[in-house]
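Presented below is the structure to which this report refers.
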Amino acid sequence: MNRLRLATLWLDGCSGCHMSLLDTDERLLDLAAQVDIVYSPLVDAKDFPEQVDVVCIEGAVATDADEARLRLARRRSRLLIAMGDCAVTGNVPAMRNIMGAEAMLRAVYLESRPLKPQIPADGLPHLNEQALPLHHFVPIDLFIPGCPPAADTLFAALGGLLAGIADLRLDTRFGA
Amino acid sequence: MTTPILTLTIDGRPVSGLATETVLQVAGENGIAIPTLCFLDGLSATGACRLCMVEIEGSAKLHPACVTPIQEGMVVTTQSERLRSYRRAIVQLLFAERNHVCAVCVSNGHCELQDLARELGIDHIDFPGRYPALAVDASHSRFVLDHNRCVLCTRCVRVCAEIEGAHTWDVKNRGIRSQIVADLDTPWGTSTTCTGCGKCVHVCPTGALSEKGRSVAEMQKKRPALPYLVANRAEERR
Amino acid sequence: MPVNESTAPPADDTRWQLIDRVMQRLDRRPDALIETLHAAQDAFGYLDSTTLAHIASRLRLPPAKVFGVVTFYNHFRLKPKGEHTLAVCTGTACHLKGNDKMLAWLRDRYHLAPGDTSPDNRLSLVEVRCVGACALAPVFLPDGALVGKKSFGEATAIIEEWLGDAP
Amino acid sequence: MHREELAARAAEHQRRLDGFAHHILVCAGLGCPDNEAIIAALRRAVAERQMENRVLVRKAGCMGLCALGPIVLIQPGEIAYQTVRPDDAAAIVASLGQEPVQRLLLPPDLPFFARQHKNVLALSGRIDPESIDDYLAAGGYGALLTVLTGMRPVDVVRSIQESGLRGRGGAGYPTGLKWATVAKATGDRKYLICNGDEGDPGAFMDRSILESTPHAVLEGMIIAAYAVGASQGYIYVRAEYPLAVKRLRLAIREAERSNLLGRAICGSGFDLTLQIRLGAGAFVCGEETALIESVEGRRGIPRPRPPYPAEKGLWGCPTLINNVETYANIPPIVRNGAAWFAALGTDRSKGTKVFALTGKIRHTGLVEVPMGISLREIIFDIGGGIPDGHALKAVQTGGPSGGCIPADFLDTPVSYESLHELGSIMGSGGMIVIDETSSMIDVVRYFMEFCMEESCGKCVPCRAGTAQIHRLLTRFQERRATAADLAMLESLCDLVKHASLCGLGQSAPNPVLSTLRYFRQEYLDRMVPAEPDGEVQP
């Protein structure tokens, strides 16, 4: 059997979902026996590779760069998992949506009276007007709500995918 | 005169109930769960959330179980693919309507909206969020009203008017702009009609009304025994 | 009810006598509320919180209920109107015949959206949901006088002239 | 006042009217602005010629052809003038008894008038709406006297049932059946309500009837109250109709003075008081349970039905609610008999119906036609067709609750059933003609915005669903929609239609559904092509 090519992607999120993934502890070893992690903040690969079997994406889409990375991941992956509430609902990153990008930047960098009031721009990706969940941009194969989803849930999801279970039922909820 | 007892079928099971009872009551007495949100035992039923809609044989329409009286020979279906898809859509519409961020909510883990989503297998919201800019009223010394988390079930309005008798709350505006309002749109803390009884907080199904000082997931509601209050009040007044 | 103690209206204001008469005619029953609000708005031009508090107290209604009613109906206003009011009908026939264009022009020309009053308090713009003069569409009402069947160019010229600032 | 006194009063008034050799009737409805100036000019012209004893200048109700208004009618002779201005007064008065003023003359055989069948509008434009004597002299309140002197309430109800009259406010519920239910309902108090909350944008039948023949509505209500046993009634009128309200107030006052309202009406043992309740701008109050809430002084939030108002309505009492046009149909039915009415129209849609013709049509205005007439006859014969060389694209009936009927179905006979089959509704009678220059998406989005803003907000599908549908339609309008949006639009329409609490929500998707049925290509043309990898456009 071919080893599964797994990627993880970190968009606008706190990395808590990735921490939760690590929380699977010694079960990571079982997982490692079956998968190659071909791209992830946890490994060194620079570019998102071709022919990925499963990509787990944490975080909402908040910038044009996030959007481009998401679309690339979608094109190059067979299955795409929205991992955690930010990817699934927008969650905390989307709390700024009530005011829009420009107003939020002003509120944070100018109106909160920082020592050096200026809106950072150089070399930064352009902030989208709203931070949105992944399914507003690309089709999703599995949603795993939770903030973060429990390690058990993530492990069960990956295990289920490895086992080829078509109709995965996960015990999780928004905010779990 | 005694109330007649009627027999009917719910989800294929023969059941019976008093002629004064609703489909929701009889279903509940027989352990048949129908999802609800605006309904709360002891308050007037309004049929507003539309989650308890059921199919009744011989009727093309759907009927809200909370306000539909039982009838002899009625054949009720409470679970079907169609009802399930409507219920899922309604709960999703509520999530998309305001800013429900479960992860940072005082009621996380103790929220009826969250539970409904889980029971109905909702793992994402199809509809784009509306993200309205809504206020948080923290002017009261003991309680907080967060409009971002309100589902407009009007339980607070009804408990305050019908049980407490203060009628501090009502709904202002209409349609998608509807909001819960205290007195003449006064901050809750300066309301002159509020008795501070806290019933509204404890009947609220979400984190919209909470006790001050609660952190994420700390707000567990203690549902007041409303039918007891109603009965006792009538008895004491006699 | 304590809320209303301090809000008794001035006894010498004849407008209040008029409103009181409406309430009395309907025996101060709760169902007098909407009729009373009409009378009060006719008298004062809008409904401020003092007015509402007084009405609530006179009709023995919870203030929240009064506020709920006032904000449910389009007709009632919580803020005063400007010196002049331009009402633009947005009924179906008027929409089809270009009143959406008229509203866009008003936004560009006077920086007003429906419901707004200009900063100098000169002009209030309101949107009305069909005045029932659909056969004369598109219809607008400068200070309540119905004008219909005008082309966009004619209509804008009439408004500019009415406001005395034709180019 | 008894029968003989009223008859004497009517005869006396008729004698006075007959004393004038010429009557000049000026349309004084909202649709004919400037009519006051015209009346004043005509009176001046009459005075200048010292013809005050021979010529009577009077205000009259709506004559229907608002497109060519203000209309002035000369009698005898049935000479109608169009687009009259105050400075035409001298010429008109000078022509009395001579050749008519050619440049103002409306062709006497104009199909607009010739093809109509006036029943409800028969007196509209013929009498002074502000004069009860005018109405009496024209035979008004005769039906009421017939009822009070010779019919038991059950006879009246049976007659209305036999006539086949159905509610003219929208849903088409059999009027007689409604009356029978209220008549049978037990309770020492029953109420009567006239629904004059004509909120459908593009409909103005009820405004015109109230402005033109307010007494006909009162007469219908009094007969209804007698039939069902109600002793108190309310007329709920939009505050946006100040002229209708003014004339109605006057009519009630005059009817009270003539003992046609109040205690022991016309010497019978029957009492009825009528009060006006002003609406305040809420379309949902056209829904009967919301209207009841509003009459009770509350937010116009619909109640779940059942119980229906006929059993538990105003203050929990049995309540009869009919709309303005329905009540206005009652006196002619009593006068001419149920069989006369039942002989008009189609098998299941009896009588005549008033329509408001608006939009891209030459003869905008108000028409009354027998049920069963085709849309083509209404639009092309009576309505004069589409102006400026454009082609008809669709006819919108039923307003925000109705649908768009494409030109292919123009030969459909108009009835409650046929319009329903086409995915629209009769509604209150608004008929908006759309030509090929309009986008259906724009029209539909307009209606959805209306429903979203008029939703009371009580039930979730209507409150939040209409807002989501509106958002999707905006994407179509901006040509940003995707196949997923189209699927979501269809499933949301299904939800809102079947899960909403009241008629507003249940019918709000109708304009979308009917255009998806007949004008689907317009939706498809406004979609962005799908991305090769199935990506969703934000």
Side-chain angles (χ1 to χ4, degrees), chain A residues 13-14 16-17 20 57-61 80-101 103-104 107 128-150 153 157 167-176, chain B residues 35 84 88 91-136 146-151 176-177 179 205-208 210 214-220:
Chain A
C14 69
C17 296
S20 198
I57 304 183
E58 171 188 343
V61 176
L80 189 152
I81 299 178
M83 177 171 66
D85 275 352
C86 298
V88 171
T89 70
N91 200 27
V92 173
M95 288 173 78
R96 70 167 165 90
N97 292 358
I98 58 168
M99 57 199 313
M104 189 215 35
N128 290 350
E129 187 61 11
Q130 295 189 328
L132 296 171
L134 309 187
H135 65 275
H136 288 340
F137 300 87
V138 298
I140 308 295
D141 298 294
L142 181 67
F143 293 93
I144 310 181
C147 186
T153 306
D167 184 22
L168 266 180
R169 291 197 186 277
L170 299 170
D171 184 28
T172 183
R173 56 168 165 75
F174 302 131
Chain B
R84 200 175 158 78
R88 288 166 56 98
V91 170
Q92 290 193 53
L93 282 174
L94 286 172
F95 269 101
E97 185 179 18
R98 296 207 173 174
N99 307 304
H100 296 279
V101 189
C102 299
V104 294
C105 177
V106 286
S107 285
N108 190 6
H110 321 287
C111 167
E112 292 184 40
L113 184 67
Q114 199 180 28
D115 290 346
L116 279 165
R118 188 189 180 124
E119 282 159 23
L120 292 165
I122 296 169
D123 58 10
H124 71 288
I125 311 301
D126 275 321
F127 310 118
R130 293 180 47 79
Y131 306 112
L134 298 170
V136 177
D146 184 349
H147 290 289
N148 293 286
R149 297 165 179 160
C150 173
V151 291
I176 196 75
R177 293 181 300 114
Q179 269 190 44
T206 70
S210 64
R214 301 283 181 173
S215 180
V216 171
E218 285 183 356
M219 185 63 225
Q220 287 214 50

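Since the structure is predicted, the reported quantities are computational estimates derived from the model, not experimental observations. All chains are named by letter (A, B, ...) in the order of the sequence lines, taking the proteins before the strands, and each is independently numbered beginning at 1.
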Geometric class of the B:His124/A:Phe143 ring pair [parallel <30°, tilted 30-60°, perpendicular >60°]: parallel

Charged N-O contact under 4.0 Å between A:Asp171 and B:Arg118: yes

Segment of B:Pro132 engaging chain A (4.5 angstrom heavy-atom cut-off): backbone

Between CG on residue B:Leu116 and CZ on residue A:Arg173, distance to nearest 0.5 Å: 13.0 Å

Between B:Ala96, B:Gly129, B:Gly109, B:Gly121, the one whose heavy-atom pairs under 4.5 Å with chain A are most numerous: B:Gly109

Residue pair A:Val88 / B:Asp123, side-chain heavy-atom distance below 4.5 Å: no

Any donor-acceptor N/O pair, B:Gln114 side chain to A:Phe174 backbone, under 3.5 Å: yes

A:Val92 to B:Val101 - nearest heavy-atom pair and separation: N-CG1, 4.0 Å

Point-to-point distance, once rounded to the nearest 0.5 Å, from CD of A:Glu129 to OH of B:Tyr131: 12.0 Å

Side chain, backbone, both or neither of A:Ala82 within contact of chain B (heavy atoms, under 4.5 Å): neither

Heavy-atom pair of closest approach, residues A:Cys147 and B:Ala103: SG-CB, 3.3 Å

Pick from A:Asn91, A:Ile144, A:Ile140, A:Leu142 with the largest number of heavy-atom pairs that fall under 4.5 Å of chain B: A:Asn91

Proximity breakdown for B:Ile122 and chain A, heavy-atom pairs closer than 4.5 Å: both

Heavy-atom pair of closest approach, residues B:Ile125 and A:His136: O-CE1, 4.5 Å

Heavy-atom contact with chain B under 4.5 Å, split by part of A:Met95: side chain

Distance-only polar pair, side chains of A:Asn97 and B:Arg130, donor-acceptor under 3.5 Å: no

